2 protein chains.
Amino acid sequence: MATIKDVSQRAHVSPATVSRVINGGNGVSDVTRAAVLAVIDELGYQPNAFARSLATNRSGGIGVVVSEVSSAVYGGILQGIESVTERHGMHLLVSSGHARAERERKAFEFLRQRRSDALILQLDGAQDAEVVAWSRLGVPLVVVGRRVEGLADRCVFLDNVAGGELATRHLLDRGHRRIAHIAGLPSIQDARDRFTGYLQALADHGVPFDASLVADGGFVEEGGQRAMRRLLEGGEPFTAVFAANDQSAAGAMRALRDAGLSVPDDVSVVGFDDTLLAHYMVPSLTTVRQPLREMGQAAATLALARLGIAAREEVNLRFEPVLVERESVAAPRAGHTPA
Amino acid sequence: MATIKDVSQRAHVSPATVSRVINGGNGVSDVTRAAVLAVIDELGYQPNAFARSLATNRSGGIGVVVSEVSSAVYGGILQGIESVTERHGMHLLVSSGHARAERERKAFEFLRQRRSDALILQLDGAQDAEVVAWSRLGVPLVVVGRRVEGLADRCVFLDNVAGGELATRHLLDRGHRRIAHIAGLPSIQDARDRFTGYLQALADHGVPFDASLVADGGFVEEGGQRAMRRLLEGGEPFTAVFAANDQSAAGAMRALRDAGLSVPDDVSVVGFDDTLLAHYMVPSLTTVRQPLREMGQAAATLALARLGIAAREEVNLRFEPVLVERESVAAPRAGHTPA
DNA sequence: TTGTATGCGTTATCAA
DNA sequence: TTGATAACGCATACAA
C-alpha cells in the first residue's frame, strides 16, 4: 500500500505538500497540485486512516448506541442519523444497548474508547444522572428519543405528553367518553408521559378519570392482549382504548376480536409509534406517529455541529407527534357499552 | 488523557513493559504486573485506539454494508452479526448501499478505507464480477444473503430455489393446481431463484406451467396489488398464489379483498421472508422464513475466522428456508374458480 | 509556495 | 524478565 512518502518522492515534492494537496490544498500552486494529484492517481494512494487519526486525534466516526441495531420501532432514528453522517463523510459505529442500563454502559464505554468523535445515544435503561456523568467525560454527546434533565440542549425528543393528549383528544372529539388506556412499561418515561397526556386530555374535556379503565400492557403484544382481557372482564364499560404503543394495540385488537367485538364498531383503538404493522393490521390502526427520521437527522446534525463540522444551524430539539388516521376509530355507537 | 508513557514513568518501568501488561502480559513478573495494573487503574489509563491501530495495522472493526441500516426484511442479519462481533470485542462500522450498485461501491470503498479488519456485504445492486474484484483487494470479505459465483466459500446464503419450491409444494400438497405467482424484481437473483423453485415444484407435481398466471410484483406492496388485479382481470382461473415476498403478498391480499374475494376461502396466499407484518396481517400470512439471525451469525463467524479471531469451526454456508404456517392457506374449494 | 523536522501513542525488535 | 528504540503514516509548526 502506497504511503504519502511514496507519493512525495515520485512527485518530487515533500510529504508536507502532498498532505496539503490531500487536505483542501490551500497554499499549493496549481502545477504542483496537478502533479501530486496525478501521482496519487497513478499509485492509487489512499491515506492511512489510522495515521491520520493519530495525528489529528479525530476518527471521522460517530458512535451510536441504540436499543437494538435493527428495531421495528426506532429503526427510523438510525436511518435519519445515517442520512446526514453519510453526507458529511463520517462513518457510523453502532452498538446496541438492549434497553438495559448495564449493556448501555458497556456500549458507551466501548464506543468512547474506540474514539468516536461524537456519540449519539438512544437509551432506555440508563438513569439520567449517569448520562449526565457521561456528558462530562469529554466526548461530545447527543441524546435522542429522550429528554435528560440537565442536558436539555443536547436532547432530541418527542413530546410524548402531547402524543398521549393527541391520541386521547382524537377519541374525545369523536364523542367517546369512556376511554380505556393500555399503559406501557412504567419504568420508561415515554410510557409515563403518554399516560400523563391521556390524563390531561380527559381533564381538559371534563371527563373524570377512572382508574379501573387503565391496564398494564408492558409495550408488548401479549401484554396488550392480557390488558384488554382484564378490561373486558373488569366490567367497566368503555367505547375506546388508547394503547401506549402499536404492539400492545395489536394485542388489544386481538383480544377484542377473540371476544367477538368489532373494531371500530364496538371499540375504537388508537396506538402509538406508527410502526409498519399499523398499516398492515385489519382494520388498519389509527396511531400517533413519531417523526423518527427527522429526529435522527436532528440528532446527527447536532452532533456534527458540536464538532464544528455541520453548519451550526438551528436544530429543532422537541418534536411534535402526528396523528395518523386510519380505520380503527369511529364514533361510539349510541347507547352501546361493550363491557 | 493519560498515555502509556505516563503509566510507565509512574510505575517505574518502561513503556514496553506496560504494553506487555496490557496485551496479555506474557513475560512479565507478577510483581511488576501488579504494580503496572495499579497505576493503570489509578490514572484511569486507556490505550489510544488510533496509535494501537497504527502500530498493529488492525482496527478492531468489522465493516458491514447492508441495503438499509434498518430494514424490516434484512434487519435480522445485522442483529446476528452484532451478536457475535460484540462477543469478540469487535465493533461494527455500518454503511448502507440502498440496493444500488453505485451506492454499494461507495459504501465498500468507504469502509475499506476506514480500515475495517474485515467486511461483511449484503449487496443487491453490485454485479458478481465486481464483488469478485473487491475480494482480491486484500480485505477479508464475506458475502451474506447471496451466492456470488467464484466466492462460494465466503458466501452465506439462503437456498431461495428451495424456498420457492417449499412455498409452492405446500400449496400443491393442499390440493391446489392453478397456482399463480407474483414475481419479485427480475434484476434480483433471489427473485429469479424463487421463481425457479416455483417452476420446479410445479414440474415435480406434473402441473403444467401457465405463463399467464405469473405477474410482476416488484417486491413492493403496490406492485403486489397491481399484479393481483392483473391476474384477476386476466381471467385465467387460479385458487392460490405464491408471492415472492411478504410485502407483495400483502398487496395481493388487499386486491383480493377489494375484489370481494376471501383469503383463504377463495384464494390461498403464501408469502416469503416472514417479516413482522406476516404475523399481523388478517388473516395472518403463511410464509417462508429466512433464518436471518443465524445467517448473520454465520457471516460474522466466518469473517472472524478469516482474521484468526474466532475458532475456525465449521460454519454453515447454505441455509434452508422454513415454512411458517398461518391462516392464509386452505384447500381449494371444490369446483370453484375465482377468476 | 514549499520543505524540514517533530510529535501523535502504540507495538515490536533486539539487546541486555 | 526488562529496557531502549525504531517503526507505523500522517499533520503541522516553523523556516525558508
Side-chain angles (χ1 to χ4, degrees), chain A residues 1-40 43-61 89 112-117 138 307-309, chain B residues 1-40 43-61 89 112-117 138 307-309:
Chain A
M1 180 109 7
T3 74
I4 201 172
K5 217 167 158 188
D6 300 330
V7 176
S8 71
Q9 286 171 352
R10 196 170 181 102
H12 305 294
V13 296
S14 73
T17 298
V18 177
S19 177
R20 289 190 190 98
V21 171
I22 297 167
N23 304 308
N26 305 1
V28 182
S29 75
D30 289 350
V31 261
T32 18
R33 188 209 325 285
V36 170
L37 250 22
V39 175
I40 285 179
L43 264 45
Y45 165 74
Q46 291 190 328
N48 180 308
F50 303 148
R52 175 178 268 178
S53 288
L54 182 58
T56 59
N57 203 30
R58 288 211 150 185
S59 72
R112 189 171 79 95
Q113 196 176 0
R114 253 41 177 199
R115 306 289 152 105
S116 309
D117 291 344
L307 294 175
I309 294 177
Chain B
M1 182 107 10
T3 74
I4 202 173
K5 217 167 158 188
D6 300 330
V7 176
S8 72
Q9 287 172 352
R10 198 170 180 102
H12 306 293
V13 296
S14 73
T17 298
V18 177
S19 178
R20 289 191 190 96
V21 171
I22 297 168
N23 304 307
N26 305 0
V28 182
S29 76
D30 289 351
V31 260
T32 21
R33 189 209 324 284
V36 169
L37 249 22
V39 175
I40 285 179
L43 264 45
Y45 165 74
Q46 292 190 328
N48 180 308
F50 303 148
R52 175 177 270 177
S53 288
L54 181 57
T56 58
N57 203 30
R58 287 210 152 187
S59 71
R112 189 170 79 94
Q113 195 177 359
R114 253 44 175 197
R115 305 289 149 102
S116 309
D117 291 344
L307 295 175
I309 293 178

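Per chain, numbering begins at 1; letters A, B, ... match sequence-line order. These numbers come from the heavy atoms of this one structure, side chains and all, not from hydrogens, waters or symmetry mates. Predicted, not measured: the structure shown is a model, and the values here were computed from it.
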Next on the checklist: Could you measure the distance from the CG atom of Asn48(A) to the CG atom of Leu54(B)? Nearest 0.5 Å is fine.
Outcome noted: 6.0 Å
Item to check | Derivation and outcome, side-chain contact (heavy atoms from CB on, under 4.5 Å), residues Ile22(B) and Arg52(B) | outcome: CA-CA 11 Å; Ile22(B) 297 168; Arg52(B) 175 177 270 177; 3.2 Å; yes
Checklist entry - Which heavy atom in Arg115(B) sits nearest to a heavy atom in Ser59(B), and how many Å separate them? => result O-OG, 2.8 Å
Item to check | Minimal non-hydrogen separation, Pro15(B) against Ile4(B), with atom names | outcome: O-CD1, 3.6 Å
Checklist outcome for this item: From CZ of Phe50(B) across to P of dA11(D) the rounded distance in Å is 13 Å
Checklist entry - Nearest-Å distance, CZ (Arg58(B)) to P (dG9(C))? => result 24 Å
Item to check | Residue of the set Leu37(B), Val36(B), Leu43(B) for which side chain to side chain contact (heavy atoms under 4.5 Å, CB included) holds with Val39(B) | outcome: Leu43(B)
Next on the checklist: For a quick test of reading the model, state the closest non-hydrogen atom pair linking Arg58(B) to Ser53(B) and the distance between them.
Outcome noted: O-OG, 2.7 Å
Checklist entry - For Ser8(B) and Ser14(B), which heavy atoms make the closest approach, and how far apart are they? => result CB-C, 3.6 Å
Checklist outcome for this item: In short, Asp117(A) meets Gly60(A) closest at the heavy-atom pair OD2-N, 2.8 Å
Checklist entry - Rounded to whole angstroms, how far apart are CG on Asn57(A) and P on dG9(C)? => result 7 Å
Checklist entry - Taking CG from Leu54(B) and C1' from dC10(D), how many angstroms apart are they, rounded to a whole number? => result 8 Å
Checklist entry - When you match Asn23(A) and Arg20(B) each to their closest nucleotide on DNA chain D, which lands nearer the 5' end? => result Arg20(B)
Item to check | dA11(D) phosphate, OP1 or OP2, under 4.0 Å from Ser19(A) side-chain N/O | outcome: yes
Checklist entry - Would you find more than 12 non-hydrogen atoms of other residues, nucleotides or ligands less than 6.0 Å from Arg33(B) atom CZ? => result yes
Checklist outcome for this item: Ordered by number, residues from residues 6-15 of chain B within less than 4.0 Å of DNA chain D (heavy atoms) are His12(B), Val13(B), Ser14(B)
Checklist outcome for this item: Picking from dG7(C), dT10(C), dG3(D), the nucleotide nearest the side-chain atoms of Ala16(B) would be dG3(D)
Item to check | d(CZ, Arg52(A); C1', dG7(C)) in whole Å | outcome: 17 Å
Item to check | Residue Thr17(A), side-chain heavy atoms: nucleotide from dT12(D), dT2(C), dT10(C) that is nearest | outcome: dT2(C)
Checklist entry - Once you build an axis from the first five pairs and another from the last five of the helix from dT1(C)-dA16(D) to dA16(C)-dT1(D), how far apart in angle are they, to 10 degrees? => result 30°
Next on the checklist: Is it true that, when you exclude Arg112(A) itself, more than 12 heavy atoms of the residues, nucleotides or ligands shown sit nearer than 6.0 Å to its CZ?
Outcome noted: yes
Checklist entry - Expressed in angstrom and rounded to an integer, what is the separation of Lys5(A) atom NZ from dA11(D) atom P? => result 15 Å
Checklist entry - Between Arg115(B) (CZ) and dC10(D) (P), how many Å, whole number? => result 8 Å
Item to check | Over all atoms of both residues, closest heavy-atom pair of Asp6(B) and Thr3(B) | outcome: OD2-N, 2.9 Å
Item to check | Ile4(A) CD1 to dT12(D) P, straight-line distance once rounded to whole Å | outcome: 11 Å
Checklist entry - Tell me, which of residues 28-37 of chain A have any heavy atom that sits under 4.0 Å from an atom in DNA chain C? => result Val28(A), Ser29(A), Thr32(A)
